[in-house]
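We name chains A, B, ... by the order of the sequence lines, and we start the count at 1 in each one. The structure displayed is predicted, hence computed values, not measured ones. Heavy atoms only: backbone and side chains are in, while hydrogens, waters and symmetry mates are out.
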Amino acid sequence: MIQPKNFVKTVLSWQAAHGRHQLPWQHPATPYRVLVSEIMLQQTQVATVIPYFERWMTRFPTLQSLADASEDEVMALWQGLGYYSRARNLQKAARFLVDTYNGEFPQELTDIQSIPGVGRYTAGAIKSFAYDEYGPIVDGNVRRLFCRLFGVEGVPSTSKVDKALWQLAEDYTPNQNNRRFAQGLLDLGATLCTARNPKCTECPFADHCVALHTGRVSELPTAKPKKTIPKRTGHFLWLQKDSELYLEKRPEHGIWASLWSLPELGEAPTNATLKGSFQHTFSHYKLDAKIWTLTTIPNDTVAEGKADKWAAFDDLTDIGLPAPIRKYIEQHSR
DNA sequence: CAAACGTGGCC
DNA sequence: TGGCCAAGTTT
């Protein structure tokens with residue numbers, strides 16, 4: 001088993017030579033920029049995040065500007081990125097930091113982790129990237145790297161394996177050069193120790209890698225047993241008046257929370273015409289969406305308790321809509 | 001602790 | 001084409 005001092009030294013030198021040094025959030029790596037990037041990067045690839053990050057920082061350059069923004073504008077900027085609770089949590093975080101810490105960031109790991117939307121990984125990332133201080137991280141990249149390098153068996157999401165991985169992270173994280181070390185871990189996982197076709201011949205840890213030596217690179221980390229995802233049918237209402245479309249704001253919880261959308265109906269309407277349909281696969285179910293139209297516009301369209309509005313097609317760009325709903329509207333609005 | 005929570009890219 | 005994967009957190 002490679003010694004921590006050796007491990008750190010190798011990660012640092014590899015990162016300097018082969019790591020990523022031009023990611024937008026690295027320059028400058030202020031606490032706010034690191035927070036925004038880390039939240040956006042949760043379960044989301046770097047290439048996808050970059051344009052969102054640039055737009056976000058232009059519109060919300062400071063914690064205060066984000067705290068002052070309307071939820072609709074926050075959601076509009078996040079639209080298309082997915083996992084929308086992240087957007088609401090990010091604004092909650094801004095307001096929390098302004099209210100609780102006078103707009104500053106706390107320094108202690110446990111205090112950082114008390115920020116809305118910030119879990120153990122993100123807290124460690126902020127410590128490492130923003131402060132260049134000790135902050136262990138275990139994300140998908142580190143998980144893959146550690147499971148292979150140390151030959152960790154078992155499904156990583158189980159508490160036993162998860163605990164072992166965090167223990168390794170704590171033990172192998174140095175007390176200096178943390179920014180470069182953390183970046184090196186992520187870069188190793190993202191560019192060499194990848195899920196498919198890892199580049200073991202280029203890996204600086206090839207000599208020490210348990211998985212490589214035992215021919216188990218493709219077996220580690222242990223895959224989680226997959227379960228079949230269910231199918232659901234959703235009914236949506238297309239209500240058009242000239243060049244305007246009727247929209248409702250979705251609830252604070254559940255799928256597409258806090259976005260605007262074609263109104264979703266509880267069941268198939270009896271007095272409507274089927275306009276079209278589309279399929280959409282989420283991480284946890286398949287949606288068979290049916291789009292219905294009414295031939296006559298009712299006078300009382302409002303579902304009680306929900307915000308609603310008529311929106312011009314030309315104005316939809318600045319409204320946060322679910323990606324497949326936006327796609328459907330674009331394909332059927334002319 | 002399992003489930004909820006999005007979307008786009010890749011092979 | 002369909003399953004897998006991506007800088008996880010919350011409930």
Side-chain angles (χ1 to χ4, degrees), chain A residues 19-20 23-26 29 33-53 75 78-90 92-93 113-130 135-145 155-163 165-166 169 182-191 193-198 218 221 223-230 232 250-259 261 279-287 320-327:
Chain A
R20 294 173 291 186
L23 298 170
W25 38 90
Q26 293 175 323
R33 289 167 60 87
V34 170
L35 172 68
V36 171
S37 65
E38 287 303 333
I39 300 293
M40 286 188 171
L41 286 161
Q42 288 169 6
Q43 301 290 284
T44 311
Q45 296 193 331
V46 167
T48 303
V49 165
I50 288 175
Y52 282 87
F53 179 80
M75 300 312 291
W78 201 274
Q79 77 100 19
L81 199 53
Y83 286 152
Y84 297 96
S85 66
R86 293 183 296 171
R88 295 206 311 150
N89 279 149
L90 196 44
K92 265 189 210 164
Q113 206 178 325
S114 72
I115 299 170
V118 175
R120 193 173 179 182
Y121 161 79
T122 303
I126 290 172
K127 258 285 208 166
S128 294
F129 291 128
I137 54 171
V138 175
D139 77 322
N141 293 301
V142 177
R143 211 148 37 226
R144 235 175 9 257
L145 181 69
V155 178
S157 60
T158 60
S159 62
K160 180 185 165 193
V161 177
D162 185 66
K163 193 177 172 187
L165 289 169
W166 276 103
Q183 191 63 55
L185 287 184
L186 301 186
D187 292 348
L188 275 166
T191 66
C193 200
T194 50
R196 288 165 306 204
N197 306 315
S218 60
K224 187 196 292 189
K226 54 197 164 194
K227 46 192 75 171
T228 57
I229 65 175
R232 295 188 200 171
R250 294 186 60 88
E252 294 189 5
H253 297 288
I255 201 74
W256 298 333
S258 304
L259 292 177
S261 172
Q279 306 284 130
H280 185 74
T281 304
F282 295 107
S283 47
H284 50 306
Y285 66 91
K286 286 183 184 175
L287 175 67
L321 296 172
I325 295 285
R326 176 179 299 282
K327 186 178 172 186

Can you check the [X] [atom1] to [N] [atom2] distance for me, whole Å?
X: A:Arg33; N: C:dA7; atom1: CZ; atom2: C1'; value: 16 Å
X: A:Gln43; N: C:dC4; atom1: CD; atom2: P; value: 15 Å
X: A:Ile126; N: C:dG8; atom1: CD1; atom2: P; value: 14 Å
X: A:Arg144; N: C:dC4; atom1: CZ; atom2: C1'; value: 12 Å
X: A:Tyr83; N: C:dT11; atom1: OH; atom2: P; value: 15 Å
X: A:Leu165; N: C:dA7; atom1: CG; atom2: P; value: 15 Å
X: A:Ile229; N: B:dA2; atom1: CD1; atom2: P; value: 19 Å
X: A:Tyr84; N: C:dT9; atom1: OH; atom2: C1'; value: 17 Å

Answer with base, sugar-phosphate or nothing: what part of the nucleic acid does [X] contact at a heavy-atom distance below 4.0 Å?
X: A:Lys227; result: sugar-phosphate
X: A:Leu23; result: base
X: A:Val49; result: nothing
X: A:Ser37; result: nothing
X: A:Ile255; result: sugar-phosphate
X: A:Trp25; result: base
X: A:Ile39; result: nothing
X: A:Ser159; result: sugar-phosphate

Under the rule for side chain to side chain contact (heavy atoms under 4.5 Å, CB included), what residues qualify as partners of [X], not counting sequence neighbours?
X: A:Thr191; value: A:Trp14
X: A:Thr194; value: A:Pro198
X: A:Tyr52; value: A:Met40, A:Arg55, A:Leu81

When you measure from the side-chain N and O atoms of [X] to the phosphate of [N], is any distance below 4.0 Å, counting only OP1 and OP2?
X: A:Thr44; N: C:dA7; value: no
X: A:Trp256; N: B:dT7; value: yes
X: A:His284; N: B:dC5; value: yes
X: A:Lys226; N: C:dG3; value: no

Would you be so kind as to tabulate the donor-acceptor pairs closer than 3.5 Å made by side chains of residues 137-145 of chain A, with sequence neighbours excluded?
unit_1, atom_1, unit_2, atom_2, d
A:Asp139, OD1, A:Asn141, N, 3.2
A:Asp139, OD1, A:Val142, N, 2.9
A:Asp139, OD2, A:Asn141, N, 3.4
A:Asp139, OD2, A:Asn141, ND2, 2.9
A:Asn141, OD1, A:Arg144, NH2, 3.0
A:Asn141, OD1, A:Ala190, N, 3.3
A:Arg144, NE, A:Cys193, O, 2.7
A:Arg144, NH2, A:Gly189, O, 2.7

Nearest-nucleotide check on DNA chain C, A:Ala190 vs A:Asn89; residue mapping nearer the 5' end is A:Ala190
Mapping A:Val138 and A:Lys286 to their closest nucleotides on DNA chain C, which lands nearer the 5' end? A:Lys286
Sorted by chain and number, sequence neighbours left out, salt bridge (Lys or Arg N to Asp or Glu O under 4.0 Å) with A:Arg232 holds for none
So if I take every side-chain heavy atom of A:Thr122 and compare against C:dA7, C:dT9, B:dA4, which nucleotide ends up nearest?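 Minimum distance to the A:Thr122 side chain belongs to C:dT9.
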Quick one: sort the A:His280 and A:Trp256 rings into parallel, tilted or perpendicular, breaks at 30° and 60°.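 Plane angle between 30° and 60°, so tilted.
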For the pair A:Phe282 and A:Tyr285, name the ring-plane relationship: parallel under 30°, tilted 30 to 60°, perpendicular over 60°.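 It falls in the tilted class, 30° to 60°.
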Pick out the pairs of N or O atoms, protein on one side and nucleotides 8-11 of chain B on the other, that lie under 3.5 Å.
none

Using atom C1' in both nucleotides, what's the gap between C:dA7 and B:dA3 to the nearest angstrom?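 Between the two C1' atoms, the distance is 22 Å.
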Is A:Arg20 side chain donor-acceptor paired with the C:dA7 base, going by distance under 3.5 Å alone? yes
For the atom pair NZ (A:Lys160) and CG (A:Leu165), what is the distance rounded to the nearest 0.5 Å? 12.0 Å
Return yes if a side-chain donor-acceptor contact under 3.5 Å exists between A:Tyr121 and A:Gln42, otherwise no. no
Upstream residue (5' side of DNA chain B) when A:Tyr285 and A:Ser157 are each assigned their closest nucleotide: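 Of the two residues, A:Ser157 wins.
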